[in-house]
Novice: 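My structure is below; once you've seen it, I'll send some questions.
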Amino acid sequence: MPATSLVVGYDELAALKLLALDGALESEVKVSCADLADRLDASNQTASRRLQRLDDAGLITREIVSNGQWVAITDDGEWELKREYEDYRRIFENLSGVDLSGTVTGGMGEGKHYISLSGYMEQFIERLGYEPYPGTLNVELTDESVRARSAMNALDPVPIDAWEDGDRTYGPAVCYPAAIETTNGDSYEPVHVISPERTHHDEDQLELIAESKLRDELELDDGEHVTVHIEEVQ
């Protein structure tokens, strides 16, 4: 479960927000360091450094020209802004959970391998309170739920630490407490949404773990609709 993310500071995020307000999420925008510096109440050199750090972190792309630079925010940059947005939503809207919907889909079989590894399993038993079935239920999210998924960033997950087995290092993950409900009203809990820590890839997919095999417990086939109610850690 490898997951890495180059983290930038609040100063860089402030610059990223201004670029987004100028339209850099939709297309390239022309930026001058002098103008950006004035809006950031900083020097030209400081504004230039912040753009360089955003570029180094892969949050923007830049093309430097004679009278400025063309800048666009990348998918990674958009995700960083969404993380900030969800923090503010949590402050002002008192969020305690999020509901995501989608359809059951077949996985690649990797979940069974990783869930069964002792370094993860021991933590699952200790921190989740049960021994997960060796496999995951995969849910392909609707477009609306893909957009809503970023609200999970405002919730506190259960951390699963990285570990080593002597041959390789296995990355950290996070688990969000949840319940799953079918269209006919059947439900099962507790389940956990499991995701590599600090990643936003495959945002259209959820992987769920539970003590039992969810397909059997809820009689689920590929293509069936389910809703996952994700909760704050108590």
Side-chain angles (χ1 to χ4, degrees), residues 1-93 95 98 141 143 145-157 159-164 168-176 193-207:
M1 296 182 184
T4 58
S5 176
L6 181 57
V7 178
V8 296
Y10 290 110
D11 290 340
E12 287 74 29
L13 288 176
L16 190 65
K17 182 183 74 173
L18 290 178
L19 295 173
L21 289 171
D22 288 342
L25 276 172
E26 290 76 31
S27 62
E28 287 186 323
V29 295
K30 190 74 167 293
V31 176
S32 79
C33 283
D35 177 64
L36 184 62
D38 183 60
R39 297 163 69 192
L40 291 171
D41 193 23
S43 68
N44 286 11
Q45 292 82 359
T46 297
S48 179
R49 283 196 299 270
R50 292 183 189 177
L51 288 173
Q52 182 64 57
R53 288 170 184 163
L54 290 171
D55 192 3
D56 291 342
L59 305 187
I60 63 171
T61 60
R62 296 191 297 163
E63 180 185 359
I64 299 175
V65 293
S66 59
N67 58 345
Q69 47 195 298
W70 288 96
V71 176
I73 295 175
T74 65
D75 290 344
D76 287 345
E78 181 177 359
W79 183 71
E80 289 291 345
L81 289 171
K82 286 180 177 178
R83 289 180 61 193
E84 289 294 296
Y85 169 68
E86 294 305 337
D87 282 345
Y88 283 111
R89 283 190 65 197
R90 187 177 181 185
I91 292 170
F92 293 110
E93 298 180 20
L95 293 178
V98 59
L141 297 177
D143 290 343
S145 289
V146 170
R147 293 189 293 270
R149 179 180 179 149
S150 60
M152 288 171 55
N153 295 321
L155 305 177
D156 292 326
I160 303 298
D161 299 330
W163 58 283
E164 299 180 7
R168 59 168 290 185
T169 298
Y170 294 89
V174 291
C175 292
Y176 294 90
V193 175
I194 184 167
S195 177
E197 190 177 60
R198 297 188 304 275
T199 188
H200 62 286
H201 299 293
D202 298 326
E203 289 186 339
D204 61 341
Q205 298 280 333
L206 285 184
E207 283 191 281

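These numbers were taken from a predicted model, which means no experiment stands behind them.
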Novice: OG of S195 to CD of Q205: how many Å apart, nearest 0.5 Å?
Specialist: 11.5 Å
Novice: For D55, enumerate each residue passing the side-chain hydrogen bond (donor to acceptor under 3.5 Å, both in side chains) test, keeping only those at least two apart in sequence or located in another chain.
Specialist: R62
Novice: Looking at V65 and W70, what are the two nearest heavy atoms and their distance?
Specialist: CG1-CD1, 4.0 Å
Novice: Please find the pair of heavy atoms, one from I194 and one from A173, that lie closest to each other, and give the distance.
Specialist: CG1-CB, 4.4 Å
Novice: Just to verify, what does S145 make a side-chain hydrogen bond (donor to acceptor under 3.5 Å, both in side chains) with, not counting sequence neighbours?
Specialist: T142
Novice: According to ring pair (Phe, Tyr, Trp, His ring centres under 6.0 Å), who are the partners of W163, at least two apart in sequence or on a separate chain?
Specialist: Y120, Y170
Novice: Name all residues meeting the side-chain hydrogen bond (donor to acceptor under 3.5 Å, both in side chains) criterion together with R49; count only those two or more places apart in sequence or in a different chain, and write none if there are none.
Specialist: T46
Novice: Looking at every heavy atom in both T74 and G58, which two are closest together, and how far apart are they?
Specialist: OG1-O, 2.6 Å
Novice: Give, for atom OG of S48 and atom CD of Q69, the distance between the pair rounded to the nearest 0.5 Å.
Specialist: 6.5 Å
Novice: Show the nearest heavy-atom pair for residues L16 and L54, with the distance to one decimal.
Specialist: N-CD1, 4.0 Å
Novice: With a 4.5 Å limit on heavy-atom distance, are the side chains of L40 and D11 in contact?
Specialist: no
Novice: Could you work out, with side-chain contact (heavy atoms from CB on, under 4.5 Å) as the rule, every residue matching N44, not counting sequence neighbours?
Specialist: A34, A37
Novice: Applying salt bridge (charged side-chain N to carboxylate O under 4.0 Å, His left out) as the test, list every pair that has at least one member in residues 16-30; sequence neighbours left out.
Specialist: D22-R39
Novice: Determine the sole option in L25, L81, V31, L59 for which the side chain to side chain contact (heavy atoms under 4.5 Å, CB included) test with L19 is passed.
Specialist: V31
Novice: What's the separation between atom OG in S27 and atom CD1 in I73, rounded to the nearest 0.5 Å?
Specialist: 10.5 Å
Novice: So does S32 get a backbone contact from the side chain of D35, meaning a donor-acceptor N/O pair under 3.5 Å?
Specialist: no
Novice: Testing the basics here: between G23 and V29, what is the closest heavy-atom pair and its distance to 0.1 Å?
Specialist: C-CG1, 3.7 Å
Novice: Got a sec, which residues hit side-chain contact (heavy atoms from CB on, under 4.5 Å) with A162, two or more places apart in sequence or on another chain?
Specialist: P172
Novice: Between E12 and R53, does any side-chain N to carboxylate O distance fall below 4.0 Å?
Specialist: yes
Novice: Salt bridge (Lys or Arg N to Asp or Glu O under 4.0 Å) with E207: which residues, sequence neighbours excluded?
Specialist: none
Novice: Once you round to the nearest 0.5 Å, how far does CD of E203 lie from CE of M152?
Specialist: 10.0 Å
Novice: Can you list the residues that meet the side-chain hydrogen bond (donor to acceptor under 3.5 Å, both in side chains) rule with D161, with sequence neighbours excluded?
Specialist: R127
